[in-house]
Amino acid sequence: MSQTRLLPADATGIAEAARLLREGELVGFGTETVFGLGADATHDRAVAGIFAAKGRPHFNPLICHYPTADAVFAHVEADDRARALADAFWPGPLTLVLPRRVTCPVALLAGAGLETLAVRVPAHDQALALLRATGRPVAAPSANRSGQVSPTTASHVMEGLGGRIAAVLDGAACPVGVESSVLDLTGRGAVLLRPGGLPRAAIEAVIGRVGTGITPAQAEAARGLRSPGLLVSHYAPGLPVRLDATHVGPDEALLAFGPPLPGAATTFQLSETSDLTEAAARLFAGLRELDARGQGLRAIAVMPIPAEGLGEAINDRLQRAAAPRP
Ligand code: TXA
Ligand code: MG
């Protein structure tokens with residue numbers, strides 16, 4: 001593959017992107033959370049192409065995207081909890097892990113050979129139009145090279161994957177900005193495997209108490225077990241990341257939340273007003289921006305971010321960005 005086409009996110013571009021997907025090509029597209037790297041989930045070679053393009057060291061299970069809950073439940077088995085959550089939050093940033101139906105046509109590689117499948121309906125007009133036009137489930141991890149910061153704009157995708165995939169559907173930046181919450185419903189108790197764009201409290205309001213998910217420290221041990229996609233060092237920018245900074249040096253870049261600490265070499269403001277939703281939407285762009293501005297600096301210092309609401313997902317991503325590198 002030599003050139004990656006940037007397709008307009010209008011009817012023509014969406015039709016062309018759908019045609020490419022049906023032919024087994026890879027297409028980057030926007031969702032409300034982050035940009036996904038899509039492939040026809042029923043096409044083995046296309047799904048394998050995702051791992052090749054991302055340079056993923058392992059076959060982690062991928063999320064399959066559908067245009068409606070009915071389309072989802074034709075491929076996986078839903079219990080009452082799954083239906084209630086789908087009613088409440090789809091389309092939206094919630095991924096459910098459910099048992100595959102025997103008739104499920106999704107390539108085994110998309111689920112990394114597991115008997116379960118991660119599924120969601122994205123809340124994003126262009127993504128939904130693309131899914132309807134494709135007429136197949138679309139497997140899509142975040143559209144970045146393995147281990148790098150997730151993309152929230154089409155140009156982020158081009159920077160990381162240009163020349164390695166057929167096309168990127170151009171479009172507005174992702175409003176949520178962190179990946180979907182991943183909820184495992186295959187056991188008796190629901191378990192939040194990955195905190196994300198839908199806060200835990202919203203899920204608990206519908207199905208009651210949700211088990212404690214996996215923490216970054218537990219994640220490495222879980223590789224090959226419950227949620228093989230969760231590596232400790234992930235979302236890693238080039239500069240080291242220092243969390244919970246209460247002061248900042250002149251040789252550091254500052255990721256600020258609320259009134260910024262004085263003295264940094266350069267500062268990126270996540271949210272002047274300490275708004276967690278705004279901060280989530282700007283998180284990955286901020287890490288990229290400071291990485292680019294901060295060449296030669298010692299580290300990115302990150303101001304403390306409260307753990308409530310979307311703060312759980314933001315802190316999870318930041319802990320991964322700060323984790324020791326392999
Ligand atoms: O917001 C999102 O979810 C984005 C957009 C593109 O939709 N997608 C995304 O996909 O973040 P990915 O592949 O980067 O993350 C998939 C997550 C991983 O943590 C993986 O381990 C988990 O879902 N997962 C997928 N299938 C699973 C399964 N069968 N059992 C347990 N965990 C699973
Ligand atoms: Mg990812």
Side-chain angles (χ1 to χ4, degrees), residues 26-39 41 47 50-51 53-56 58-66 75-76 90-100 104 106-124 126-128 130-131 137-152 156-157 160-161 169 174-187 190-198 213-214 216 219-220 222-236 280 284 313 316-317 320-321:
L26 304 181
V27 177
F29 65 100
T31 78
E32 81 279 37
T33 58
V34 300
F35 268 72
L37 173 57
V47 174
I50 289 179
F51 296 103
K54 284 187 63 108
R56 272 205 179 177
H58 308 284
F59 288 154
N60 304 320
L62 306 172
I63 296 171
C64 289
H65 298 71
Y66 293 81
H75 289 181
V76 291
W90 280 350
L94 173 66
T95 292
L96 299 179
V97 176
L98 292 165
R100 292 170 71 111
C104 178
V106 169
L108 284 175
L109 184 57
L114 298 171
E115 282 167 20
T116 57
L117 200 61
V119 289
R120 84 180 190 98
V121 179
H124 190 279
Q126 290 151 9
L128 290 172
L130 177 65
L131 292 167
V138 172
S142 51
N144 51 286
R145 298 293 294 274
S146 184
Q148 294 180 349
V149 174
S150 296
T152 50
H156 291 163
V157 180
L161 295 173
L169 202 52
C174 306
V176 174
V178 291
E179 293 89 342
S180 59
S181 303
V182 178
L183 187 72
D184 184 350
L185 291 177
T186 57
V191 177
L192 188 61
L193 296 178
R194 177 176 78 181
L198 185 69
I214 203 155
E220 193 76 356
R223 274 172 55 193
L225 297 176
R226 215 159 183 187
S227 193
L230 299 165
L231 290 163
V232 170
S233 173
H234 205 75
Y235 308 102
F284 292 135
D316 172 82
R317 303 305 183 277
R320 288 172 206 284

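Indexing begins at 1, ligand by ligand and atom by atom, following the structure's order.
Each of the following atoms of ligand 1 lies closer than 4.0 Å to a heavy atom of His65: 5 (C), 6 (C), 7 (O). The contact set between ligand 1 and Leu193, taken as ligand atoms under 4.0 Å from a residue heavy atom, comprises 31 (C), 32 (N). Interface of Ala118 with ligand 1, defined as ligand atoms under 4.0 Å from a residue heavy atom, comprises 25 (C), 26 (N), 27 (C). Residue-ligand proximity, Gly36 to ligand 1, at heavy-atom distances under 4.0 Å covers atoms 6 (C). Near Ser142, the atoms of ligand 1 lying under 4.0 angstrom from a non-hydrogen atom of the residue are 9 (C), 10 (O), 14 (O). Atom numbering of ligand 1 starts at 1 in the shown order; those under 4.0 Å from a heavy atom of Thr116 are 28 (C), 29 (N), 30 (N).
The stretch residues 27-38 participates, sequence neighbours left out, in these salt bridge (Lys or Arg N to Asp or Glu O under 4.0 Å) pairs: Glu32-Arg120.
Taking backbone and side-chain atoms together, Asn144 has no N/O/S atom less than 2.8 Å away from the Mg ion (ligand 2).
Although no hydrogens or angles enter the test, the distance criterion places a donor-acceptor pair under 3.5 Å between the side chain of Ser181 and the main chain of Gly196. The main-chain N or O of Thr33 is found under 3.5 Å from a side-chain atom of Thr31 such that the two form a donor-acceptor pair.
Between the choices Val76, Thr33, Leu62, the shortest heavy-atom distance to atom 5 (C) of ligand 1 belongs to Thr33. In the candidate list Gly28, Pro61, Gly177, Pro61 is nearest to atom 24 (N) of ligand 1, counting heavy atoms.
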Residues Tyr66, His75; criterion ring pair (Phe, Tyr, Trp, His ring centres under 6.0 Å); working and verdict:
CA-CA 10 Å; Tyr66 293 81; His75 289 181; 5.3 Å; yes
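Between Gly38 and Val138, the shortest heavy-atom distance links the atoms CA-CG1, 3.7 Å.
The line from CZ of Arg194 to CG of Asp184 is 13.0 Å long, rounded to the nearest 0.5 Å. Between the OG1 atom in Thr116 and the CG atom in Leu185 there is a gap of 11.0 Å [rounded to 0.5 Å]. Once rounded to the nearest 0.5 Å, the distance linking OG1 of Thr95 with CG of Leu62 reads 11.5 Å. Taking CG from Leu114 and CZ from Arg100, the interatomic distance works out to 9.5 Å, rounded to the nearest 0.5 Å.
Inclusion of Glu179 in the set of residues having an N or O under 3.5 Å from an N or O of ligand 1 is not warranted. Close N/O approach between Thr31 and ligand 1 is not found [any backbone or side-chain N/O within under 3.5 Å].
Distances shorter than 4.0 angstrom do not occur between any heavy atom of Asp184 and any atom of ligand 1. In this structure, Ala140 has a heavy atom closer than 4.0 Å to ligand 1.
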